[in-house]
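I have placed the structure first, in the form of structure tokens, so that the comments after it can refer back to it.
Within every chain, numbering begins at 1; the chains are lettered A, B, ... in the order of the sequence lines, protein sequences first and strands thereafter.
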2 protein chains.
Amino acid sequence: MLTIGKLGAQAGVKVPTIRYYEQIGILPEAERSAGNQRLYSRKALERLAFIRHARDLGFTLEAIRDLLSLSDNPDQSCAAADAIAKAQLAEVESRLARLTALKAELERMVVQCAGGRIADCRVIEVLGDHSLCTTDHRHPESEASA
Amino acid sequence: MLTIGKLGAQAGVKVPTIRYYEQIGILPEAERSAGNQRLYSRKALERLAFIRHARDLGFTLEAIRDLLSLSDNPDQSCAAADAIAKAQLAEVESRLARLTALKAELERMVVQCAGGRIADCRVIEVLGDHSLCTTDHRHPESEASA
DNA sequence: TTAATGTCTCTAGCAACTATAGCTTCAAGG
DNA sequence: CCTTGAAGCTATAGTTGCTAGAGACATTAA
Ligand SMILES: [Zn+2]
Ligand SMILES: [Zn+2]
Ligand SMILES: [Zn+2]
Ligand SMILES: [Zn+2]
């Protein structure tokens with residue numbers, strides 16, 4: 001049995017984050033010691049590592065909640081899990097496309113500035129006028145983390 | 001003079017967002033009509049368009065605040081503005097690198113799954129074990145939007 | 001035994017909005 | 001002139017995924 005600190009260290013998750021996961025119900029309520037401190041089993045460590053890894057891959061906690069409940073029923077079809085992963089892949093691809101456009105515009109801005117006064121700064125000029133951009137980089141959909 | 005609704009329509013910004021920008025002081029307090037409604041000049045539209053464009057390029061409101069105050073002093077050197085843009089470019093490049101790694105891992109997961117039961121699902125398996133990954137995709141630094 | 005660390009609960013804060021409630025003002029039609 | 005509906009007002013709370021504090025209790029090592 002691990003204390004919350006040890007668990008966090010092993011899984012690479014901060015202690016308050018673990019309590020937060022319990023609070024939102026993505027980790028089950030932990031057992032408690034005589035002195036009311038949380039105690040975790042190896043199973044809990046695996047579950048937390050799963051969450052951590054999925055977060056690192058950009059899945060939302062909502063998606064992870066679904067993935068966990070799927071993984072708790074090993075005999076079901078994995079179609080739903082695959083669909084979640086595919087949706088996440090699509091999300092990543094769309095963000096990648098957008099970031100690539102942003103990178104191009106930022107590079108252009110930075111390169112074109114001759115480094116004089118603000119009045120002649122290409123960075124300020126482009127920021128004030130999207131028609132000076134070559135790509136269509138506007139904010140299309142949601143922008144979570146990842 | 002534009003009402004807040006017209007301003008929002010012209011700049012592509014939702015009305016509550018404009019009020020929010022005013023509240024946090026990135027837009028100056030608007031003039032008011034006799035009936036206490038906000039009225040905006042062409043200058044305000046330009047300022048809002050600048051903000052919108054910079055947000056679309058992923059700059060934080062804090063960075064935009066600095067860019068705006070620079071652009072209000074046209075005779076200064078533009079070095080500070082260029083530095084902000086370069087920092088944003090670096091941020092975008094680092095996100096791009098990470099998303100590229102995520103994409104590779106997600107593709108591998110999705111491709112490798114044969115589509116049977118959860119117990120044999122490669123998606124679930126990889127999520128539970130980072131050592132099955134080929135890249136080092138762990139969460140490195142801050143992850144704002146963009 | 002005492003001091004240092006770890007853990008407990010609860011609350012508030014971060015970014016950048018978005019949504020809701022309950023009101024007032026405005027513009028157009030009858 | 002009056003009514004109706006859209007648009008505006010303020011203020012507050014919710015979103016996502018945590019993170020940071022306050023103040024009290026538990027555990028462990030010297
Ligand atoms: Zn410049
Ligand atoms: Zn642009
Ligand atoms: Zn599968
Ligand atoms: Zn991995």
Side-chain angles (χ1 to χ4, degrees), chain A residues 1-27 29-40 44 48 51-66 68 88 91 95 138-146, chain B residues 1-27 29-40 44 48 51-66 68 88 91 95 138-146:
Chain A
M1 285 301 190
L2 301 160
T3 62
I4 196 169
K6 309 281 183 197
L7 178 70
Q10 298 234 0
V13 176
K14 287 175 189 157
V15 167
T17 303
I18 299 172
R19 291 198 275 247
Y20 168 72
Y21 287 164
E22 179 183 307
Q23 190 197 310
I24 64 166
I26 205 169
L27 280 179
E29 292 196 12
E31 284 180 63
R32 297 300 180 112
S33 72
N36 197 36
Q37 304 198 341
R38 289 173 180 81
L39 291 178
Y40 293 94
L48 182 55
I51 295 170
R52 171 83 275 203
H53 195 208
R55 286 295 295 127
D56 282 346
L57 287 163
F59 289 88
T60 65
L61 287 175
E62 259 320 288
I64 294 170
R65 204 189 286 275
D66 293 344
L68 281 168
Q88 175 60 16
E91 173 71 30
R95 274 208 287 247
R138 285 157 310 171
H139 202 74
E141 71 229 59
S142 75
E143 296 282 339
S145 64
Chain B
M1 285 301 190
L2 301 160
T3 61
I4 196 169
K6 309 281 182 195
L7 178 69
Q10 298 234 0
V13 176
K14 288 177 190 155
V15 166
T17 303
I18 299 172
R19 290 198 276 246
Y20 168 72
Y21 286 164
E22 179 183 309
Q23 191 198 309
I24 64 167
I26 205 168
L27 281 179
E29 293 196 12
E31 283 179 64
R32 297 300 181 111
S33 72
N36 197 37
Q37 304 198 343
R38 290 174 180 81
L39 292 178
Y40 295 93
L48 182 55
I51 295 170
R52 172 82 274 198
H53 195 208
R55 287 293 298 126
D56 281 347
L57 286 164
F59 289 88
T60 65
L61 288 175
E62 258 320 287
I64 294 169
R65 202 189 286 275
D66 293 344
L68 282 169
Q88 176 61 15
E91 173 72 29
R95 274 208 287 248
R138 286 158 307 170
H139 202 73
E141 70 231 58
S142 76
E143 297 282 337
S145 65

Shortest side-chain distance from B/Ile4, nucleotide among C/dT18, D/dT27, D/dC9: D/dC9
Nearest-angstrom distance from the residue atom CG of A/Leu39 to P of D/dA26: 14 Å
Under-4.0 Å side-chain N/O to phosphate OP1/OP2 contact, A/Thr3 with C/dT7: yes
Distance in angstrom units between A/Arg38 CZ and C/dT7 P, rounded: 11 Å
Pairwise 5' ranking along DNA chain C for B/Gly35 and B/Phe59, keeping only the more 5' one: B/Phe59
Minimum heavy-atom distance B/Val15-B/Gly5, with the two atoms named: CG2-CA, 3.9 Å
A/Glu22 CD - C/dT9 C1' separation (whole Å): 12 Å
Contact under 4.0 Å: A/Arg32 side-chain N or O vs D/dA26 OP1/OP2: no
Nucleotide C/dT9, atom C1' - distance to CD of A/Gln23 in whole Å: 11 Å
Separation of atom CG in B/Leu57 from atom P in C/dA16, rounded to whole Å: 14 Å
Under 3.5 Å: donor-acceptor pair, side chain of A/Glu91, backbone of A/Gly58: no
Exam field: side chain A/Gln37 to backbone A/Thr3, donor-acceptor pair closer than 3.5 Å: no
Whole-Å distance separating the OH atom of A/Tyr20 from the P atom of C/dT9: 17 Å
Spacing between B/Arg65 atom CZ and C/dA16 atom P, to the nearest angstrom: 10 Å
Nearest-nucleotide comparison on DNA chain D, the residue closer to the 5′ end among A/Thr17 and A/Gln37: A/Thr17
Under 3.5 Å: donor-acceptor pair, side chain of A/Gln88, backbone of A/Leu57: yes
Contact check, side chains of B/Arg65 and B/Glu62, non-hydrogen atoms, under 4.5 Å: yes
Any A/Tyr21 side-chain N or O less than 4.0 Å from OP1/OP2 of D/dG17: no
Atom-pair distance (CG on B/Asn36; P on C/dC23), nearest Å: 17 Å
B/Arg52 vs B/Ser33, nearer the 5' end of DNA chain C by closest nucleotide: B/Arg52
A/Lys14 vs D/dT19: side-chain N/O to OP1/OP2 distance below 4.0 Å: yes
Sugar-phosphate, base or nothing in reach of A/Arg19, heavy atoms under 4.0 Å: base
